[in-house]
Amino acid sequence: MALPTGSPAPRDLDPRLLRAFTAVAEELHFTRAAARLYLAQQALSRDIRRLEAELGAELFTRTTRQVALSPDGERLLPYARRVLAAHDELTEAFRAPLRPLLVDLNSPGLAQERVLARARELAPEQELMARYESGLTGAVREIAAGRLDASFGRYGGLAPALRARLDTQFTRYERLAVILPRDHPMAGLPRVPLAALAGERIYAGAGNDRTPEWTDLAARLFAGRGIEVAPPAPLAVGKEEFRRIMAKHRHPVLASVDFPAMPDCVLRPLVDPVPLSPVSLVWRKGLRHPGLDALRTAAAEVGAREGWRTRPPGSWLPADEPGLPPG
């Protein structure tokens, strides 16, 4: 039922009711919306009925098989999103200066450290704290739990349920390399053609539940080239452990070209084609924080200065990758 013309507008709508409505409008499924809001489905249905009663409008059409927005629901949705965005912005404006922004950089020594350094220059009054989670999937679980705010990595390699929790900004086409034992037959090459790796087993984080997006990237890159993803190995933390595990298993390791030097190893860029990992800055959906604003600006500045968003000719990217810039 539509709100009658000339009826007085409802007063003091509870933002919680608008949040419940928006979740159902975006999911078009009460069970998924309830899980997203950490509510019982009965409580969510009760909130929707209360909002409909306060507005004097039916917001959804329901059948046994589907939920759809009614015309009044379609009309309400953009208003509800603006109200919630303003509400979140107000809340964060007073909360953000009281706590640091926790930023995952994946591993020490990577290019993301330059972004964080520039963000600290742009917002010296804010505290931006580095964390090292070693994989985007693991970092996003920490973001969802409120123990991290932002991270960098291959957004398109995340499960759709994880991507739904994030906002994102594409940052970089990251060139890939291989780490080889110093006495490996290909260690003397300045660059390693992918075809030269045929018959090799390359370690790419298999078995590490924090980095499945990296293992997936490797599997896509190696497919049809006679290269195998190496089986799971113990996770090496620190240079000495890396050296020990490399000496024991001797599997080359897939890495980015800016991966820090490891003892008794060499890092060689991959070519023919140049494989790329698309890297994005990701953060908790709806987060407002001046440190995040600085981080986003810094990512754009450093990326423009270093040509991060220019794709090299003849390069390789995983097919149908979401989150890439147009063109």
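Computed from a predicted structure; not experimentally measured.
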Shortest non-hydrogen contact between [X] and [Y], atoms and distance:
{"X": "R118", "Y": "V302", "answer": "CB-CG2, 4.1 Å"}
{"X": "P260", "Y": "P108", "answer": "CG-O, 3.5 Å"}
{"X": "Q112", "Y": "N106", "answer": "NE2-CB, 4.1 Å"}
{"X": "A139", "Y": "E133", "answer": "CB-CB, 4.1 Å"}
{"X": "T215", "Y": "A206", "answer": "OG1-N, 3.5 Å"}
{"X": "D258", "Y": "A111", "answer": "OD2-N, 2.8 Å"}

For [Y], is there an ion pair with [X] - N to carboxylate O distance below 4.0 angstrom?
{"X": "E52", "Y": "R49", "result": "no"}
{"X": "R311", "Y": "E321", "result": "no"}
{"X": "R114", "Y": "E306", "result": "yes"}
{"X": "E301", "Y": "R305", "result": "no"}

State plainly whether one hydrophobic cluster holds both [X] and [Y], where clusters connect Ile, Leu, Val, Met, Phe, Trp and Tyr through side-chain heavy atoms under 4.5 angstrom apart.
{"X": "V140", "Y": "W214", "result": "no"}
{"X": "L221", "Y": "I227", "result": "yes"}
{"X": "V253", "Y": "L180", "result": "no"}

Does atom [atom1] ([X]) have a neighbourhood of more than 12 heavy atoms from anything else shown, all under 6.0 Å?
{"X": "D183", "atom1": "CG", "answer": "yes"}
{"X": "R182", "atom1": "CZ", "answer": "yes"}
{"X": "R120", "atom1": "CZ", "answer": "yes"}
{"X": "E125", "atom1": "CD", "answer": "yes"}
{"X": "Y132", "atom1": "OH", "answer": "yes"}

Determine whether a donor-acceptor pair (N or O, by modelled atom type, separation under 3.5 Å) exists between the side chain of [X] and the backbone of [Y].
{"X": "R201", "Y": "H251", "value": "no"}
{"X": "R19", "Y": "L84", "value": "no"}
{"X": "T63", "Y": "R65", "value": "yes"}
{"X": "E213", "Y": "Y155", "value": "no"}
{"X": "Q169", "Y": "R296", "value": "yes"}
{"X": "T31", "Y": "H29", "value": "no"}
{"X": "R288", "Y": "G286", "value": "yes"}
{"X": "S256", "Y": "E174", "value": "no"}
{"X": "T171", "Y": "A299", "value": "no"}
{"X": "R163", "Y": "L158", "value": "yes"}

Problem - Spacing of R172 atom CZ and R309 atom CZ [to the nearest 0.5 Å] - result: 13.5 Å
Problem - is_close_aromatic(F21, F60), centroid dist under 6.0 Å - result: yes
Any heavy-atom pair between the side chains of [Y] and [X] that's under 4.5 Å?
{"X": "D216", "Y": "R154", "result": "yes"}
{"X": "L101", "Y": "M129", "result": "no"}
{"X": "I48", "Y": "R62", "result": "yes"}
{"X": "L324", "Y": "F170", "result": "yes"}

Practice task
Begin with the C-alpha distance, continue with both residues' side-chain angles, and end with the deciding distance and a verdict on side-chain contact (heavy atoms from CB on, under 4.5 Å) for L13 and L51.
Solution key: CA-CA 8 Å; L13 279 178; L51 180 62; 3.8 Å; yes
Exercise for the section: Could you walk me through whether H289 and R284 pass the side-chain contact (heavy atoms from CB on, under 4.5 Å) test, one step at a time? Expected result: CA-CA 11 Å; H289 192 298; R284 184 170 60 256; over 6 Å; no
